[in-house]
Participant: 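The structure under discussion is supplied below as structure tokens; questions concerning it will follow.
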Protein chains: 2
Amino acid sequence: MEDGDRTDIKRCWVCFATEEDEPTAQWVEPCLCHGTTKWVHQSCLQRWIDEKQAGNSTASVYCPQCNTEYKIVFPPLGPFLSSIEKLDHCVNKVCPFAAAGIVVGSLYWSAVTYGAVTVMQVLGHKDGLEVMEKADPLFLLVGLPTIPLALILGKMIRWEDHVLRFWRRYISKIALLSIFSPKIGNAIQGMGVHYREPAEPTPLSDPVSATRILCGGLIMPTVATLIGKLCYGFVESGLHRALLGGITFIGIKGAIRIFYKQQQYIRQAQRVIQNYKDE
Amino acid sequence: MEDGDRTDIKRCWVCFATEEDEPTAQWVEPCLCHGTTKWVHQSCLQRWIDEKQAGNSTASVYCPQCNTEYKIVFPPLGPFLSSIEKLDHCVNKVCPFAAAGIVVGSLYWSAVTYGAVTVMQVLGHKDGLEVMEKADPLFLLVGLPTIPLALILGKMIRWEDHVLRFWRRYISKIALLSIFSPKIGNAIQGMGVHYREPAEPTPLSDPVSATRILCGGLIMPTVATLIGKLCYGFVESGLHRALLGGITFIGIKGAIRIFYKQQQYIRQAQRVIQNYKDE
């Protein structure tokens, strides 16, 4: 051990000064290290720990050699200050939950408002207000926010896909092909191309689809009321008119969507990969 | 070239069958490849492309050898279907913005409601309603949501930190030490420990701190009204009472916070790293 004759001399592992260089400096042996990294100046180690903690004064710091945690001792905290510290910790724990409560409350309040606006839109301004004034307040606080929730959840049901799957399963594919586009169907059969079952597109779970569900669900009452007024003017009750309008809209939209999807399916089935030289 | 004598024979690079094996199969040379990877069955390449596209039927697919994009041709789309496709694309583009609008609208409406509740809380239920009924609706729609915004922004001003910094800069540190805790100050000076300037804690920018600002800002009118009623019952106007209550609360809380921070600063300055063997 080449440092053997020097281990009795204190040498700071931060600034390399010895006891002789700075006779008044305070020394500390803060860890299990022996040899040249046993002793360190109190002030040098303080600076080193400050750097390690990088502003977080409660972080634990360990010896880089032997991994012992340094024991950092603070002057005692008075009862007033320690109770303030406890209060501060409590507030820090409660605040995230309170903030979450504020966000949920804000959403809830918007849902209640949307529900009330929808009731007035569907039943008419005057009748809607009357109905809500007569209803039990508790029922309103639960029932009104259920309206947008139900609209959005209802929008998430992809009933067209089920209809389409049912159709494809029970109706012969060739028959279907010739119903929709007899010419191409025959042409392909004539060319001897095997009918290809196209890959099913992955169900949309992207953010755009989510925003579409949100918007589609929330705009539904407006569309339903509008179509109800346009097509079912002879119906007395505003609610029935809006319901009929909504059913009409959903039905027509569903039919178009099924037709469009089936056409896309057929186009997929009929795609052809060209030779590179073909223009 | 060992395959030289076989390049005139078509061999599918997917299934390795030759023209002789399947005489009726359709062949395609879809890329710039020569030799053994020049020819491929139409149906084999279709399957291979399906796998590459993984459900996304509009994705481009490239030859794994020569990186040429395969030309995939679909039957033409009718005018009805192509207009539906365009409509679908439009809806997909508009929906994210509409959804963002819904979220902003929901926040705005909650802010308006909070503002109205605050006005009624501070001025009293009856007076508050009267003031809002008399006010210009446009002014209300802008003014009411400004209330929670101003409260939260106001909460973000860390005036205590500025006061504390000013104090530390212009008042001698040793004087400060002996004001707050003369004994320890003198003891440390006696021990010959250099006064250590503690690292400034990094300003809180974590999520907990953000929720604290939100909650603290929004609870302020309630606290101000409460303290106003408790301490300034002799003041007639509800607004003045709440303002006085708010100023009192902010003042006392700020003083406690400054005191607490300065004490923490001093404790940091006086921390000692212990020898490992000390208990």
Participant: How long is the gap from CD on A/Gln270 to CZ on B/Phe74, to the nearest 0.5 Å?
Facilitator: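 Reported value, rounded in 0.5 Å steps: 11.0 Å.
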Participant: Tell me, for A/Ser106 versus chain B, whether the close heavy atoms (under 4.5 Å) come from the side chain, the backbone, both or neither.
Facilitator: both
Participant: Is the side chain of A/Arg267 donor-acceptor paired with the backbone N or O of B/Pro75 at a distance under 3.5 Å, no angle test?
Facilitator: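 Side chain of A/Arg267 to backbone of B/Pro75, a donor-acceptor pair under 3.5 Å: yes, one is there.
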Participant: Check whether A/Asn275 reaches the backbone of B/Glu29 with its side chain - one donor and one acceptor, N or O, closer than 3.5 Å.
Facilitator: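 Checked: pair present.
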Participant: Which bit of A/Ile219 comes within less than 4.5 Å of chain B, counting heavy atoms only: side chain, backbone, both or neither?
Facilitator: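 Neither part.
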Participant: Just give me the residue among B/Gly101, B/Pro96, B/Ala100 that pairs up with chain A most often, heavy atom to heavy atom, under 4.5 Å.
Facilitator: B/Pro96
Participant: Who among A/Arg257, A/Arg212, A/Gln53, A/Glu69 has the most heavy-atom pairs with chain B under 4.5 Å?
Facilitator: A/Arg212
Participant: When rounded to the nearest 0.5 angstrom, what is the spacing between CD1 in A/Ile84 and CD in B/Gln264?
Facilitator: 10.0 Å
Participant: Is the number of heavy atoms from other residues, nucleotides or ligands within 6.0 Å of CZ (B/Phe97) greater than 12?
Facilitator: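 No, not enclosed.
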Participant: Identify which part of A/Leu81 has an atom lying under 4.5 Å from any heavy atom of chain B, answering side chain, backbone, both or neither.
Facilitator: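 It is both, since atoms from each part get that close.
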Participant: How many angstroms lie between OG1 in A/Thr113 and CH2 in B/Trp109, if you round to the nearest 0.5 Å?
Facilitator: 5.5 Å
Participant: Can you tell me if B/Gln274 and A/Tyr70 form a side-chain donor-acceptor pair at under 3.5 Å?
Facilitator: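 No donor-acceptor contact under 3.5 Å links the two side chains.
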Participant: Heavy atoms only, distances under 4.5 angstrom: which of B/Leu107, B/Asp88, B/Val94, B/Thr68 has the most pairs with chain A? Name it, please.
Facilitator: B/Asp88
Participant: Are any of the side-chain nitrogens in B/Arg271 or A/Asp50 under 4.0 Å away from the carboxylate oxygens of its partner?
Facilitator: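 Answer for the salt bridge query: yes.
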Participant: What distance do B/Gln263 atom CD and A/Ser82 atom OG have between them, rounded to the nearest 0.5 Å?
Facilitator: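 Rounded to the nearest 0.5 Å, the CD-OG separation comes out at 12.0 Å.
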Participant: Are the side chains of A/Cys215 and B/Ile102 in touch, meaning some heavy atoms are under 4.5 Å apart?
Facilitator: yes
Participant: Under a 4.5 Å heavy-atom cutoff, which of B/Ile256, B/Leu77, B/Val40 has the most pairs with chain A?
Facilitator: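 Maximum pair count with chain A is reached by B/Leu77.
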Participant: For the pair B/Phe259 and A/Phe80, name the ring-plane relationship: parallel under 30°, tilted 30 to 60°, perpendicular over 60°.
Facilitator: tilted
Participant: Hey, could you give me the CD/CD1 distance between B/Gln268 and A/Ile72, rounded to the nearest 0.5 Å?
Facilitator: 8.5 Å
Participant: Supply the atom-to-atom distance B/Gln42 CD to A/Ile273 CD1, rounded to the nearest 0.5 angstrom.
Facilitator: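 Here the interatomic distance stands at 5.0 Å.
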Participant: Side chain, backbone, both or neither: which part of B/Glu85 has a non-hydrogen atom closer than 4.5 Å to chain A?
Facilitator: both
Participant: Return the minimal non-hydrogen interatomic distance between B/Tyr276 and A/Leu32, and the atom names on each side.
Facilitator: CE2-CD2, 3.3 Å
Participant: What option among B/Ala99, B/Ala25, B/Gly105, B/Cys95 has the most heavy-atom pairs under 4.5 Å with chain A?
Facilitator: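 The residue among B/Ala99, B/Ala25, B/Gly105, B/Cys95 with the greatest pair count is B/Cys95.
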